[in-house]
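For reference, the structure is listed below as structure tokens.
In this text, all values refer to a predicted model and were calculated from it rather than measured experimentally.
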Amino acid sequence: MSDRRPRVLSGIQPTADSFHLGNYLGAVRNWVAMQETHDTFYCVVDLHAITAGHDPALLRQRTRVSAAQLLALGLDPDRCTLFVQSQVPEHAQLAWVLGCITGFGEASRMTQFKDKAGKQGADRASVGLFTYPVLQAADILLYQADAVPVGEDQRQHLELTRDLAQRFNTLYGKTFTVPEPFIVKDTAKITDLQDPTAKMSKSASSPNGIVDLLEDPARSAKKIRSAVTDTGREIAYDPTTKPGVSNLLTIYSALTGRSLSDLVSGYAGKGYGDLKKDLAEVVAEFVRPVQERTKAYLDEPGHLDKVLAIGAEKARAVSSVTLRTAYQRIGFLAPASGA
């Protein structure tokens, strides 16, 4: 019996100047908690960030900002492996191998590609966008991850990862762990402040629908005050008939630890304005120390880069072993010793 902790891998794209509340409450908060129970690998997936055009200087800046925020939110490099994807070349190397056992039709069925290609036009969609799920499979399989925290929008990609792991193992011998989805119970599902039936999302939401962690709390307060609520004045939690106020209650509960029922009874006889005003203060109280810690990391880029370099070294200690095994099984010549 192995007494090793189950291993998880997850990543976040550096495609924005700030994470938003949905990123934190839906994913990063759980990453922080999993450091206690799992062998955790977390990466800033900058290779994934170049599939649809980008500005090089902005990508570099956003990669640092993403890493700084992860550290500010509670990821501890002594308790997890935090790294930047492009600094671990094994990701791209394994992606090529997996791409060669992925069917074209199989890749064509990925709904995220169809959605994104539909928006920008299939002729303008890059091959990188098409093979994005194969790189995602390489990200996971390199670390022999037992589980992957996934939202509903990534479930199909994890299924492809499982299929590719099983296919490779069948063709060339047992090489990869077949990962399971890690479904986090009680994950806060945060929706768009302007359209509470849709997920809070950088790519889909309007700027007023998103609360960014690094924006001025006064701006966040203004967005919360103008959040879409529902008919009637009663503050009740019912995502079906009152999605707007339910979303505000969810954010409030997630940031303070107060139960939804406690909040609802606390606002009995009060109006939406009271809830919005108090929530704006709760958000401001949460983001201020996060902003200070993020700024401290960004003010010392040399230190931040060193933390990431150490993380990449730790990641390569695992990924290089997996890649070497995969290369050997598939029939590639091993480099001569000393080469």
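In terms of heavy atoms, Ser10 sits closest to Trp31 at OG-CZ2, 3.3 Å. Here the shortest heavy-atom pairing between Ala315 and Tyr143 reads O-CE2, 3.4 Å. Listed here is the closest heavy atom pair of Gly103 and Arg167: N-NH1, 4.2 Å. Nearest heavy-atom pair, Asp230 versus Gly244, reported as atom, atom and distance to 0.1 Å: OD1-N, 3.1 Å. Of all heavy-atom pairs between Ala227 and Leu248, the closest is CB-CD2, 4.2 Å. Closest heavy-atom contact between Ser246 and Pro239: OG-N, 3.4 Å.
The CG atom of Asp55 sits 13.0 Å away from the CD1 atom of Ile50 when rounded to the nearest 0.5 Å. How far CG of Leu160 is from CD of Glu106: 5.5 Å, rounded to the nearest 0.5 Å. Atom CG of Leu47 is separated from atom CD of Gln13 by 10.5 Å, given to the nearest 0.5 angstrom. Taken to the nearest 0.5 Å, the CG atom of Leu260 stands 12.0 Å off from the CG atom of Asp238. Between the CD atom in Gln136 and the CG atom in Leu98 there is a gap of 12.0 Å [rounded to 0.5 Å]. We find the CD-OG1 distance between Gln328 and Thr175 to be 8.5 Å, quoted to the nearest 0.5 Å.
Although no hydrogens or angles enter the test, the distance criterion places a donor-acceptor pair under 3.5 Å between the side chain of Lys223 and the main chain of Pro207. In this structure a side-chain-to-backbone donor-acceptor pair under 3.5 Å is present from Thr256 to Arg258. Of the possible polar contacts, one joining the Gln35 side chain to the Gly74 backbone as a donor-acceptor pair under 3.5 Å is found. Within the 3.5 Å criterion, the main-chain N or O of Thr191 finds a donor-acceptor partner in the side chain of Asn247. Using modelled atom types, one side-chain atom of Gln194 and one backbone atom of Ser226 make a donor-acceptor pair closer than 3.5 Å. Of the possible donor and acceptor atoms, none in the side chain of Arg79 sits under 3.5 Å from a partner among the backbone N and O of Asp39. In this structure, the side chain of Thr325 engages the main chain of Val321 through a donor-acceptor pair within 3.5 Å. Side-chain atoms of Asp274 come within 3.5 Å of backbone atoms of Gly271 as a donor-acceptor pair (strictly under, hydrogens ignored). No donor-acceptor pair closer than 3.5 Å links the side chain of Ser253 to the backbone N or O of Thr250.
In this model, a donor atom of one side chain and an acceptor atom of the other lie less than 3.5 Å apart for Asp195 and Thr197. Side-chain contact of His20 with Asp212: a donor-acceptor pair under 3.5 Å is absent, judged by distance alone. Between Asp46 and Thr63, the side chains place no donor N or O within less than 3.5 Å of an acceptor N or O (distance only, hydrogens not considered). A donor atom on one side chain and an acceptor atom on the other are found under 3.5 Å apart for Gln85 and Asp139.
Ring geometry for Phe41 versus Phe83: interplanar angle over 60°, hence perpendicular rather than tilted (30 to 60°). Ring-plane geometry between Tyr267 and Tyr252 is classed as perpendicular, the angle between the planes exceeding 60 degrees on a 0 to 90 degree scale with a lower cut at 30.
Residues Gln144 and Thr322 meet the side-chain proximity criterion, which asks for heavy atoms closer than 4.5 Å. Residues Arg7 and Val318 meet the side-chain proximity criterion, which asks for heavy atoms closer than 4.5 Å. A heavy-atom distance below 4.5 Å is not found between the side chains of Val134 and Trp96. Counting heavy atoms from C-beta on, the side chains of Asp305 and Arg64 come closer than 4.5 Å. Within the 4.5 Å cutoff, no side-chain heavy atoms of Glu215 are placed close to those of Ser18. The shortest side-chain heavy-atom distance between Leu164 and Phe176 does not fall under the 4.5 Å cut-off. For the pair Leu213/Leu73, a side-chain contact is recorded, criterion being any heavy-atom separation below 4.5 Å from C-beta on. You'll find the side chain of Pro14 stays beyond 4.5 Å of the side chain of Gln61, heavy atoms only.
Under the 4.5 Å side-chain heavy-atom criterion for Ile, Leu, Val, Met, Phe, Trp and Tyr, Ile12 and Val211 are members of the same hydrophobic cluster. Put simply, Leu308 and Ile310 are part of two different groups of oily side chains (I, L, V, M, F, W, Y) that touch within less than 4.5 Å, one to the next. Ile251 and Val228 end up in different hydrophobic clusters when Ile, Leu, Val, Met, Phe, Trp and Tyr side chains are linked at under 4.5 Å. A single hydrophobic cluster is seen to contain both Val307 and Leu70, as judged by linkage of ILVMFWY side chains at heavy-atom distances under 4.5 Å, directly or through other members. Placement of Val84 and Leu298 within a single hydrophobic cluster is found when ILVMFWY residues are connected by side-chain heavy-atom separations under 4.5 Å, directly or transitively.
At a threshold of 4.0 Å, the pair Arg4-Asp146 counts as salt-bridged, since one of the basic side-chain nitrogens sits closer than that to a carboxylate oxygen. Under a 4.0 Å N-O distance rule, the pair Glu234/Lys242 does not qualify as a salt bridge. Arg219 has no carboxylate O lying under 4.0 Å from a charged side-chain N of Asp216, or vice versa, which leaves the two without a salt bridge. Here Glu292 does not pair with Arg288 in a salt bridge; the nearest charged N to carboxylate O distance is not below 4.0 Å. Looking at Asp17 and Arg62, a side-chain N of the basic residue comes within less than 4.0 Å of a carboxylate O on the acidic one, giving a salt bridge.
Residue Lys306 qualifies as open at atom NZ: its count of foreign heavy atoms under 6.0 Å is 12 or below. For CD of Gln166, the number of neighbouring non-hydrogen atoms (other residues, nucleotides, ligands) closer than 6.0 Å is greater than 12. Heavy atoms of other residues, nucleotides or ligands lying less than 6.0 angstrom from CD of Glu313 number 12 at most. The environment of Arg233 atom CZ is sparse: at most 12 non-hydrogen atoms of other residues, nucleotides or ligands sit within 6.0 angstrom. Around the NE2 atom of His54, the shell of radius 6.0 Å holds more than 12 heavy atoms that belong to other residues, nucleotides or ligands.
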Stepwise, does the side-chain contact (heavy atoms from CB on, under 4.5 Å) test hold for Leu275 with Leu249? CA-CA 8 Å; Leu275 173 63; Leu249 288 167; 4.1 Å; yes
Decide side-chain contact (heavy atoms from CB on, under 4.5 Å) for Gln69 and Tyr24; before the verdict, give the C-alpha distance in whole Å, the side-chain angles of both, and the deciding distance to 0.1 Å. CA-CA 10 Å; Gln69 284 176 98; Tyr24 174 65; over 6 Å; no
Evaluate side-chain contact (heavy atoms from CB on, under 4.5 Å) for Glu90 paired with Arg316, printing each intermediate quantity in order. CA-CA 8 Å; Glu90 288 83 0; Arg316 292 200 74 187; 2.9 Å; yes
side-chain contact (heavy atoms from CB on, under 4.5 Å) between Val178 and Asn169, intermediate numbers included: CA-CA 9 Å; Val178 180; Asn169 290 350; 4.2 Å; yes
